[in-house]
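In the text below, chain A, chain B and the rest are named by the order of the sequence lines, each starting its count at 1.
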Amino acid sequence: MTVRTRFAPSPTGYLHIGGVRTALFNWLYARRNGGQFVLRIDDTDAQRNRAEAVEPILDGFDWLGLDWDEGPTKDAGGESFGPHAPYYQGQRNDKYVAAAMKLLETGHAYPDYTAAADQDAARKAADKAKKSYVHRGSNRDTPPAENARLYAEKPAPLLLKVPEGRKVVFDDAVRGRVEVNTDTIRDPALLRAPGPDGVCRALYSFATVVDEADFGITHVVRAEEHLANTPVQILIFEALGASIPTFAHIPLVYYNGKKMSKRDLPPLTADEVAKLKACGWTDDEVKARDDLNIATVAYYRELGYLPAALINYLGRLGWSLDDSSEFIPLDVMVNNFGLDRITKAPGNLDMNKLYWLQSEYMKLVPTAEKVERSIPYLKRAGLIGDTLDDATRTKLTAVIDAAGDRIKLFSDVLAFARPLLVANPEYDPKAVEKRLHAPGAADLLRAYADVIRGVEPFDAVTADKALHDVAAAKGIKPGDLVHPVRVATTGSQVGFGLFETLAILGKAETLRRIDHALTLIPV
RNA sequence: GCCCCUAUCGUCUAGAGGCCUAGGACAUGGCCCUCUCAAGGCCAAGACAGGGGUUCGAAUCCCCUUAGGGGUACCA
């Protein structure tokens, strides 16, 4: 039997990284075993079924490279592809109703006419007696034929008749054996009472089981929050006469020891906001994007993380390859993935470690590719137009090459490229104060300018030699000259190698900038 | 309340009775390299939640306690 896994997000308008990890495990397991990975949209909460809510999810998967074999089409227009279409639960209600009617006829389900008030009272009474409330509906013991007649006449919530005095046992692929007594399981609602449109809509647990059976899902890998309703679902599988998939409940992803709820997530740091603004974002734009937090894929994408780094990090969170591997490229992960090495305890999102992995992956990206991938960020920042002319591309390539490992995120390219791409650098007042207003700085700059005027050819090596010559002649350490020259030509105290910087600027521009910097120094 | 799950350095984890004086990684601290910033090299500090058992022997098995978490809907 081929392995078939699935991921079933609710359309909320953004893609949560906890969900991505669950999806990744499903995807990995399917790919490892030559099976299929199915994407299903759980929109039984009908009103929210809008393309705009689904799009960020599909878009995110696309960016991450997690491809699905069956499911909604990428345009998020509401269409599906695959042998079991549609893959939107909102479009599958007739199937759920049909399955429920079968259960009604076979006596596995019954309508419940219990008044809400009576149910509440019973619940409160049980609570008072320190017992768990296990709901059993009004028509539980009515003959099936009678119930079917009643239901046709007067539809009500349709409940599953949970067998009494039994144990539901299953072997969870990560938790191990789980046993639950059916006497502690309430009769769950399968179908709601008719809505305003007269339709009886399926509840999540029922819809999911019907779909799992219909899609032929063999392995249900999902978040731990679903562990508790697994016994109920197994009972539904049994009533349906469907084969029961293997379950694997993976622990949640926490942040600072807590579930990642929006209010506990940190706001964007000043550094992150600065990076976005360097990429051309306005304060209002940043504020308007309330999905920009560490729990969403959008955050990583906008700041310029590599999908490969996020995937590695998320895959390694709660799963390990062995006792020492941290850097695990996707192909290695695919070839070695198994449900048996998933941890049982929740894991905390560690931004430091993710960032470290990001830098490791970034080191491996060839310069030409870095250039290509930086283009959207540079465009947004207005540093380049719609097309990248050859001269700028050459300059940009040189910048990215010279910046090397300093570029951790694609948004970092801006900090290195801007001073060199722009007509005049912005002078950081602190840098000017410290390096240009230092005693003797102007003389040193003039001395250096005088020397390089005659240097031919002008490149990193000759610029370096010229600086050392000047330093030696003046009897100072090279560093004492490097600093003022750096600030004079880039406006900043930090950057990659000074001589690479000067080479990229060229002799004429270097001299022009030094001249300009001299005007900033009071006589 | 009731049902269920979980528990190793700050964090992610290795560990399935003796290979454990508990290994690796991120983060942290120190030193080296160095024109700044990165990168790199070396070193350091840092954990089996607590208590009972079982056993010749327990991080590993059992029980209790404690602490977290999930569920308890005509939500998903």
Side-chain angles (χ1 to χ4, degrees), chain A residues 8-10 12 42-45 89 112 116 119 123 126-135 156-159 172 174-176 178-181 183-186 188-195 200-205 207-208 223-232 249 251-252 254 256-259 313 316-327 341 343-357 359 363 403-408 412 415-416 431 435 464 467-468 471 477-487 490 492-499 501:
Chain A
S10 303
T12 53
D42 279 11
D43 56 351
T44 50
D45 232 5
Q89 285 196 328
D112 182 19
Q119 217 177 123
R123 199 190 315 273
D127 210 43
K128 219 168 200 171
K130 297 198 172 190
K131 288 199 168 169
S132 62
Y133 174 64
V134 182
H135 181 70
L158 197 70
L159 269 44
D172 190 283
V174 343
R175 308 270 147 187
V178 179
E179 291 190 14
V180 179
N181 192 312
D183 293 338
T184 67
I185 303 174
R186 59 154 288 159
L190 270 22
L191 252 38
R192 294 177 168 98
C200 296
R201 298 196 178 276
L203 273 323
Y204 166 76
S205 256
T208 220
E224 187 191 350
E225 57 196 296
H226 295 289
L227 183 62
N229 49 44
T230 302
V232 176
H249 288 92
L252 266 10
Y254 286 0
N256 280 164
K258 280 188 233 162
K259 201 174 165 177
Y313 178 74
R316 180 64 185 70
L317 180 59
W319 175 81
S320 62
L321 172 59
D322 52 35
D323 61 351
S324 59
S325 300
E326 301 292 344
F327 181 90
R341 287 188 71 86
T343 356
K344 294 190 183 79
N348 282 278
L349 178 66
D350 180 353
M351 291 302 288
N352 280 322
K353 192 157 182 176
L354 206 196
Y355 190 70
W356 169 74
L357 271 171
S359 70
K363 284 177 192 168
D405 296 345
R406 293 168 182 84
I407 296 170
K408 316 275 196 198
D412 290 335
F416 296 105
R435 300 300 185 189
D464 188 348
L467 185 134
H468 278 82
K477 286 182 294 183
D480 294 336
L481 182 49
V482 164
H483 296 302
V485 174
R486 178 187 296 285
V487 173
T490 68
S492 170
Q493 294 194 78
V494 298
F496 49 80
L498 176 66
F499 307 112
T501 302

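A gap of 32 Å separates the C1' atoms of B:C12 and B:U34, to the nearest Å. Between B:A39 and B:G30, the distance separating the two P atoms is 16 Å to the nearest Å. Between B:C42 and B:A58, the distance separating the two C1' atoms is 36 Å to the nearest Å.
Base-pair partner of B:C9: not found among the strands shown (Watson-Crick or G-U wobble, both distances under 3.5 Å). The base-pairing partner of B:U21, taking Watson-Crick or G-U wobble contacts with both distances under 3.5 Å, does not exist among the strands shown. Nucleotide B:U28 has B:A44 as its partner under the Watson-Crick or G-U criteria, with both atom distances under 3.5 Å. Across all strands shown, B:U72 pairs with B:G1; the Watson-Crick or G-U wobble distances both stay below 3.5 Å. In this structure, B:C33 forms no base pair with any nucleotide, since neither Watson-Crick nor G-U wobble geometry is met with both distances under 3.5 Å.
In the interface, the side chain of A:Glu326 is paired with the base of B:G24 through a donor and an acceptor atom under 3.5 Å apart.
Here the side chain of A:Leu252 is nearest to one of B:C12, B:G69, B:C5, namely B:G69. When the nucleotides B:A76, B:C74, B:U13 are ranked by their closest atom to the side chain of A:Arg316, B:U13 comes out on top. Which of B:A25, B:G1, B:G71 sits closest to the side chain of A:Glu225 comes down to B:G71.
Nearest-nucleotide mapping onto RNA chain B: of A:Leu349 and A:Lys130, the residue sitting toward the 5' end is A:Lys130. Comparing A:Gly318 and A:Lys344 by the nucleotide of RNA chain B that holds the closest heavy atom to each, the one mapping nearer the 5' end is A:Lys344.
Side chains of A:Thr184 and A:Asn181: no donor on one and acceptor on the other come within 3.5 Å.
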For a quick check, with a 4.0 angstrom heavy-atom cut-off, what is the B/S/- contact string for nucleotides 28-41 of chain B, read 5' to 3'? -------BBBBSS-

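A:Lys408 meets the salt bridge (Lys or Arg N to Asp or Glu O under 4.0 Å) test with no other residue; sequence neighbours excluded. Scored by the salt bridge (Lys or Arg N to Asp or Glu O under 4.0 Å) test, A:Asp412 finds A:Lys275 as partners (sequence neighbours excluded). Applying the salt bridge (Lys or Arg N to Asp or Glu O under 4.0 Å) criterion to A:Glu224, with sequence neighbours excluded, gives A:Arg175.
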Distances under 3.5 Å between protein N/O atoms and the N/O atoms of nucleotides 16-23 of chain B, please, pair by pair.
| from | atom 1 | to | atom 2 | distance (Å) |
| --- | --- | --- | --- | --- |
| B:G23 | N2 | A:Asp323 | O | 2.9 |

Return a table of donor-acceptor pairs under 3.5 angstrom between the side chains of residues 478-486 of chain A and protein atoms on other chains or two or more places apart.
| from | atom 1 | to | atom 2 | distance (Å) |
| --- | --- | --- | --- | --- |
| A:Arg486 | NH1 | A:Phe496 | O | 2.9 |
| A:Arg486 | NH2 | A:Phe496 | O | 3.4 |

